[in-house]
Q: 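Below you'll find the structure I mean.
Values below: every heavy atom of this structure, side chains too, minus hydrogens, waters and symmetry copies. Each chain gets a letter, A, B and so on, in the order the sequences are listed, and its residues count up from 1. Given the structure is predicted, the values throughout are model-derived calculations rather than measurements.
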2 protein chains.
Amino acid sequence: MVMNRKCILRLSRYKNALKRLKALGFVKVFSGNLADAAGVTSSQVRKDFSLFGITGNRRGGYKVDELVLRIREILGKNEIHKVVIIGIGNIGNALLRYKGFETGGIRIVAGFDIDPSRYQPERPVPILPLDEFRSYVESNEIKIGILAVPDVAAHHVSEIMIAAGIKGILNFAPIQLRGADDVVISNINLEVELENLIYFVNVADKSVPALVTEDD
Amino acid sequence: MVMNRKCILRLSRYKNALKRLKALGFVKVFSGNLADAAGVTSSQVRKDFSLFGITGNRRGGYKVDELVLRIREILGKNEIHKVVIIGIGNIGNALLRYKGFETGGIRIVAGFDIDPSRYQPERPVPILPLDEFRSYVESNEIKIGILAVPDVAAHHVSEIMIAAGIKGILNFAPIQLRGADDVVISNINLEVELENLIYFVNVADKSVPALVTEDD
DNA sequence: CAGCTATTGATATATTTTTCACAATAATTC
DNA sequence: GAATTATTGTGAAAAATATATCAATAGCTG
Ligand SMILES: NC(=O)c1ccc[n+]([C@@H]2O[C@H](COP(=O)([O-])OP(=O)(O)OC[C@H]3O[C@@H](n4cnc5c(N)ncnc54)[C@H](O)[C@@H]3O)[C@@H](O)[C@H]2O)c1
Ligand SMILES: NC(=O)c1ccc[n+]([C@@H]2O[C@H](COP(=O)([O-])OP(=O)(O)OC[C@H]3O[C@@H](n4cnc5c(N)ncnc54)[C@H](O)[C@@H]3O)[C@@H](O)[C@H]2O)c1
């Protein structure tokens, strides 16, 4: 099947948009509504849907509830996914404390660090020594991990994660991680994002307006 | 000129990679070195460079120092850029405390919130009432702002930012912000990123390995 | 310093992604 | 219930992006 990462990212956005539309009282939506809410074209929405065999009613649009369910199913979001964090510093703590993931079916179950002053093994979401990472991940069948350690440690820690059986890594360290073939890595590089904004704000300042609105 | 956002993002990555290569003692690099470090092809590197008129020596590659300087120049990074944050909660605080931006020419100069218990006007990086946002931004000529308020407040706050003259917004709220034509918005949606990982880890589990390594 | 070799830079080719266009058709109107 | 209309679903076209190719050439070798 032809389907790429961008398309999946959009599916997630459609799901978010649907949540908001539903809150506004929408029972059915047209591709155009979703397009507006997600900032894409209606063709794009329909194309994405056709790629996954999502169908609506000609002239009747899509039923919000059915659509959400179908997208959640595709994204594997009808079950709760357990996620761990390595590196409980600024970013790691912010994520650990964030309540918003749970409603989306994502549960942070544990944090790991090498700094003993960070350990809090008794809390509902325990912070444990890195030594215990492998056994924890194996016995709890964790597949997704967030990497939030300093850049110098990032490569080393990513290897520990992969060795323990982690298959998806969300990396905050400002280096480009290269994983094994069956490991998916998503790099969040905030400095690069800011640099990008700076660039486009600068060129817009100097010359023609850039008209750019982007994401990911 | 034909140049897109992805290309600028790669330029930033090349710059990061160069920093690391330089630390390893590299004085000159070939497109292949950079390609490896940044996780792209060497054609891609040369194509990107040619877009910006960056030239090297046939058979001699590129001099690291010159290259870094040239890229910094293109990205507008030879001066320090001032950035403000609105919403000093989990994420806002993590960013405020992060020391890594400064070395990259990005300085967080102030934070803003509506919760009086957050105010800290006396600190080197003050946390001020949102009321003071506009005058601060105007008098300090701030062009870039980070938005880290709850989703329900995000749209409203983005309008305040734009009205005050902010031209680039890094948005952490899980909604797709739509800006004015001359405002660049970069949306960081961590839940979407995690959902994406979950999806690809799931499909890899079920069928063929996905072989996906991606970013932004 | 002539010949050889590796690398750039530019052009051509391939691939991916998005948009367009429109027939099929379900809802609505008269 | 026939005519009208709005919207989907999809194949085709276009645009954007990435890769491959290769002549030109700077540096190296002997
Ligand atoms: N904080 C931010 O706003 C921000 C912004 C951009 C990028 N980043 C990146 O995110 C990462 C984390 O940043 P931070 O500000 O949270 O850093 P931090 O220094 O606050 O926290 C890092 C944590 O990782 C732990 N750690 C160090 N080595 C470890 C190892 N080998 N195994 C396990 N834990 C280890 C430390 O004990 C510490 O608790 C860094 O790579 C940073 O460059 C952070
Ligand atoms: N913390 C995370 O790990 C995380 C993860 C994903 C997404 N996010 C998103 O990032 C945003 C911030 O998350 P957080 O965890 O830091 O939230 P938070 O609740 O910890 O902090 C939000 C801050 O914004 C302030 N605020 C609220 N309304 C405001 C307004 N109108 N003007 C100015 N300030 C206002 C609050 O006083 C608070 O200090 C949210 O949209 C959240 O969905 C956060």
Q: Rounding to a whole Å, what distance do you find between B:Leu67:CG and C:dG9:P?
A: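 Whole-Å distance recorded here is 11 Å.
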Q: Would you say the base of C:dA27 and the side-chain of A:Arg59 have a donor-acceptor pair closer than 3.5 Å?
A: yes
Q: Distance-only, no hydrogens or angles: does the A:His81 side chain make a donor-acceptor pair with backbone N or O of B:Glu195 under 3.5 Å?
A: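 A pair under 3.5 Å: no.
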Q: Roughly how many Å is it from CG in B:Leu51 to P in C:dA10, rounded to a whole number?
A: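 The distance from CG of B:Leu51 to P of C:dA10 comes to 11 Å, rounded to the nearest Å.
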Q: Check the distance between D:dT17's C1' and B:Leu9's CG and give it to me in whole angstrom.
A: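 So the CG-C1' distance, B:Leu9 to D:dT17, works out to 14 Å.
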Q: Ignoring hydrogens and geometry, is there a side-chain-to-backbone donor-acceptor pair from B:Arg46 to B:Ser31 under 3.5 Å?
A: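 Here the side-chain-to-backbone pair does not exist.
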Q: So, A:Asn57 versus A:Tyr62: side-chain donor-acceptor pair below 3.5 Å or not?
A: no
Q: Quick one: closest heavy-atom pair of A:Leu177 and A:His155, and the distance?
A: CD2-CA, 4.0 Å
Q: What are the residues of residues 35-48 of chain B, sorted by number, that bring a heavy atom to within less than 4.0 Å of DNA chain D?
A: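 Correct list: B:Thr41, B:Ser43, B:Gln44, B:Arg46, B:Lys47.
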Q: Run A:Gln44 and A:Thr41 through side chain to side chain contact (heavy atoms under 4.5 Å, CB included) and show every step you take.
A: CA-CA 5 Å; A:Gln44 182 85 85; A:Thr41 65; 3.3 Å; yes
Q: Are A:Asn57 and C:dA27 close enough that a side-chain N or O sits under 4.0 Å from OP1 or OP2?
A: yes
Q: Between the main-chain N or O of B:Ala173 and the side-chain N or O of B:Asp151, is there a donor-acceptor pair closer than 3.5 Å?
A: no
Q: Rounded to the nearest angstrom, tell me the gap between atom CG in A:Leu11 and atom P in C:dT17.
A: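 In whole Å, C:dT17 P lies 14 Å from A:Leu11 CG.
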Q: Measure the shortest side-chain to side-chain distance between A:Tyr14 and A:Asp48 over non-hydrogen atoms and say whether it is less than 4.5 angstrom.
A: yes
Q: When you measure from the side chain of A:Asn196 to the backbone of A:Val192, do you find a donor-acceptor pair of N or O atoms at a distance under 3.5 Å?
A: no
Q: The side chain of B:Arg58 lies closest to which of these nucleotides: C:dT7, C:dA10, D:dT8?
A: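 Nearest nucleotide to the side chain: C:dT7.
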Q: Give B:Phe49 one of three labels, base, sugar-phosphate or nothing, depending on what nucleic acid heavy atoms sit under 4.0 Å from its own.
A: nothing
Q: Could you check which residues of residues 14-33 of chain B get a heavy atom under 4.0 Å from DNA chain D? Sort them by number, please.
A: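 Listed by number, there are none.
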Q: For B:Arg10 and A:Ser50, find the nucleotide of DNA chain D closest to each by heavy atoms; which residue's nucleotide sits nearer the 5' end?
A: A:Ser50
Q: Return no unless some side-chain N or O of A:Tyr62 is found under 4.0 Å from OP1 or OP2 of C:dA26.
A: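 For C:dA26, OP1/OP2 do not have a side-chain N/O of A:Tyr62 under 4.0 Å.
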Q: Taking the nucleotide of DNA chain D with the closest heavy atom to each, which residue, A:Gly60 or A:Lys6, is nearer the 5' end?
A: A:Gly60
Q: For A:Asn140 and A:Tyr136, indicate whether the former's side chain and the latter's backbone hold a donor-acceptor pair under 3.5 Å.
A: yes
